[in-house]
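Working notes, beginning with the structure itself.
Counting starts at 1 for both ligands and their atoms, in listed order.
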Amino acid sequence: MNDVFFTEEENTFRKELREFIDAEIAPHARDIEENNRYPRDLIKKMGDAGYLAVFHPPEYGGSGKGLSTEIIVCEELSAVSPAMDMGRMASVTLFGAPMRRFATEEQKQEYLAPVIRGEKIGAIGITEPDVGSDTAGMKTRAVKEGDEYVINGQKKFITNGSQADYICLFAITNPDVHPKDGMSAFLFPTATKGFSVVEDHWMLGMAGARVSQLKFENCRIPAENLIGEENKGFRVLMDELDSERTAIAAEAVGYCRVPFEEAVKWSTERIQFDRPIKYFEGVSFKVAEMATVIEAARLLTLKAARMYDKGMKITKEAAMAKIFATEASFEVAHKALQVLGGNGYTKKYRTEQFLRDSRLMMIGGGTAEILRFLIQREIYKERGV
Ligand SMILES: Cc1cc2nc3c(=O)[nH]c(=O)nc-3n(C[C@H](O)[C@H](O)[C@H](O)COP(=O)(O)OP(=O)(O)OC[C@H]3O[C@@H](n4cnc5c(N)ncnc54)[C@H](O)[C@@H]3O)c2cc1C
């Protein structure tokens, strides 16, 4: 694939990465899916090859290429194993982004660098049993006692939760003010006493990923594990969400590849009424529509990533890219399954997996409804009305 909107260097990177994934990851994709295998060893293999590092600066073992290259990794790995990229991305980008932007030099060396090498796994802990879209309603508390914080509460739907070594954990440090001014971010080692995994959620798709409910009972962590300033965690949270949403949009572009290719191939091979079904517009127009939304999704995602790498605010662009790409990926899988007919409903083809896997991303990382709310808010704000 040689895309004019990516640089020559980026296109070369994509080609090399695709070769690596085809050789090292693709042979395990069925095993991950069918046996619900968490691919920690393969995440490490990607770390050894330097592919976990693109989003981060060289000081911590990264290659400093930024979000525009990270979206290539998201797309390429998600096209082969959505669940594996979910685990990889939660570790390197969701845990990694706030660490990179707000952690101290010592914290980055101690906690970020091993995650970039794939030796340790990271996660981000925002959502709770009673708190989803309304993140400001967070109940998990962190109380300062001497040179420690004592943490109590629960988190739900945490990707990598049961596997993570470190969690970028959000908790309320000042309950007397609005959570925007009373929330803090912490570096939480899961080896801490009082931490437990309530359960790994049993899900519609993303077999191989681990998404967990977690409990924190009088967990004591050193005060120096604060990320950024006390009570300034809401800013850390908001900053992380823009890069997360762009990365998810890129994953969604990746989810389109297998269903689209299976549908195109099938439409040329399947004969009905004495001709390949691609000669019926009811089929070939679906192929045209799929190809068009995939292109549009990739460009919206690249725009958000390029703006992020230039240091621009991308709340609106990241939300647009995520809504469009995630809805497109579900639509592509849905149309492809229709083209495949009864065969599409069987597990002989992978389209059914991508239909289930892609459904998640209209929920995780900000629901489609919340993102529409954000976009309209930005539009009116830009106009001062
Ligand atoms: C597989 C998976 C992995 C996840 N990984 C992580 C993770 O790693 N870390 C983490 O912190 N979280 C994670 N999440 C949580 C995810 O971000 C939340 O599920 C999501 O933000 C929505 O919250 P909720 O599920 O509680 O739904 P709710 O917020 O309860 O929403 C329910 C419905 O109401 C709608 N709704 C709510 N408020 C409004 C409103 N104001 N206007 C219009 N509609 C509204 C929503 O759009 C939705 O349709 C994950 C979730 C899943 C399913």
Please check if any side-chain donor atom of [X] sits under 3.5 Å from a side-chain acceptor atom of [Y], or the reverse.
{"X": "T140", "Y": "E128", "value": "yes"}
{"X": "E217", "Y": "S196", "value": "no"}
{"X": "R210", "Y": "N36", "value": "yes"}

* Asked: Picking from L94, I158, T159, what satisfies side chain to side chain contact (heavy atoms under 4.5 Å, CB included) with I124?
  -> L94
If you have a sec, work out which protein heavy atom is nearest [atom] and how many Å separate them, to one decimal?
{"atom": "atom 3 (C) of ligand 1", "result": "T159 OG1, 3.4 Å"}
{"atom": "atom 9 (N) of ligand 1", "result": "I124 O, 3.0 Å"}
{"atom": "atom 2 (C) of ligand 1", "result": "L360 CD1, 3.5 Å"}
{"atom": "atom 43 (C) of ligand 1", "result": "E369 CB, 3.8 Å"}
{"atom": "atom 13 (C) of ligand 1", "result": "F157 O, 2.8 Å"}
{"atom": "atom 10 (C) of ligand 1", "result": "T127 OG1, 3.4 Å"}
{"atom": "atom 36 (N) of ligand 1", "result": "S133 OG, 4.5 Å"}

* Look at atom 47 (O) of ligand 1 and say whether a protein heavy atom is found at less than 4.0 angstrom from it. => yes
* Under 4.0 Å from atom 40 (C) of ligand 1, do we find at least one protein heavy atom? ->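 Protein heavy atoms within 4.0 Å of atom 40 (C) of ligand 1 - there is at least one.
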Check this for me - ligand 1, [X], N or O atoms closer than 3.5 angstrom, yes or no?
{"X": "K156", "result": "no"}
{"X": "G364", "result": "no"}
{"X": "D134", "result": "no"}
{"X": "L94", "result": "no"}
{"X": "M203", "result": "no"}

* Under 30°, 30 to 60°, or over 60°: which ring-plane class applies to Y51 and F13, parallel, tilted or perpendicular? -> perpendicular
* Asked: Is there a donor-acceptor pair closer than 3.5 Å between any side-chain N or O of Q107 and the backbone N or O of T104?
  ->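 Checking the backbone N and O of T104 against the side chain of Q107, a donor-acceptor pair under 3.5 Å is found.
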* To do: Keeping the roles fixed (side chain from R100, backbone from F55), state whether a donor-acceptor pair exists under 3.5 Å.
  =>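 Checked: pair present.
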* Assess whether side-chain hydrogen bond (donor to acceptor under 3.5 Å, both in side chains) is satisfied between N231 and T173, documenting all intermediate values. => CA-CA 6 Å; N231 298 324; T173 32; 2.6 Å; yes
Please identify which atoms of ligand 1 are closer than 4.0 Å to at least one heavy atom of [X].
{"X": "T367", "result": "22 (C), 46 (C), 47 (O)"}
{"X": "I158", "result": "7 (C), 8 (O), 9 (N), 10 (C), 11 (O)"}
{"X": "I363", "result": "19 (O), 20 (C)"}
{"X": "G132", "result": "23 (O), 24 (P), 26 (O), 29 (O)"}
{"X": "I370", "result": "38 (N), 39 (C), 40 (C), 41 (N)"}

* **Atom CD of E19 with >12 non-hydrogen neighbours under 6.0 angstrom** => yes
* Does a sphere of radius 6.0 Å around CD in E327 hold more than 12 heavy atoms from other residues, nucleotides or ligands, not counting ones at 6.0 Å or beyond? -> yes
* ligand 1 contacted by G365 (non-hydrogen, < 4.0 Å) -> yes
* Would R350 and E262 pass as an ion pair if we require N to O under 4.0 Å? ->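 The answer is no: the pair does not qualify as a salt bridge.
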* Asked: Checking ring-ring contact (aromatic ring centres under 6.0 Å, His included) against Y166, which of F188, F195, Y111 comes through?
  -> Y111
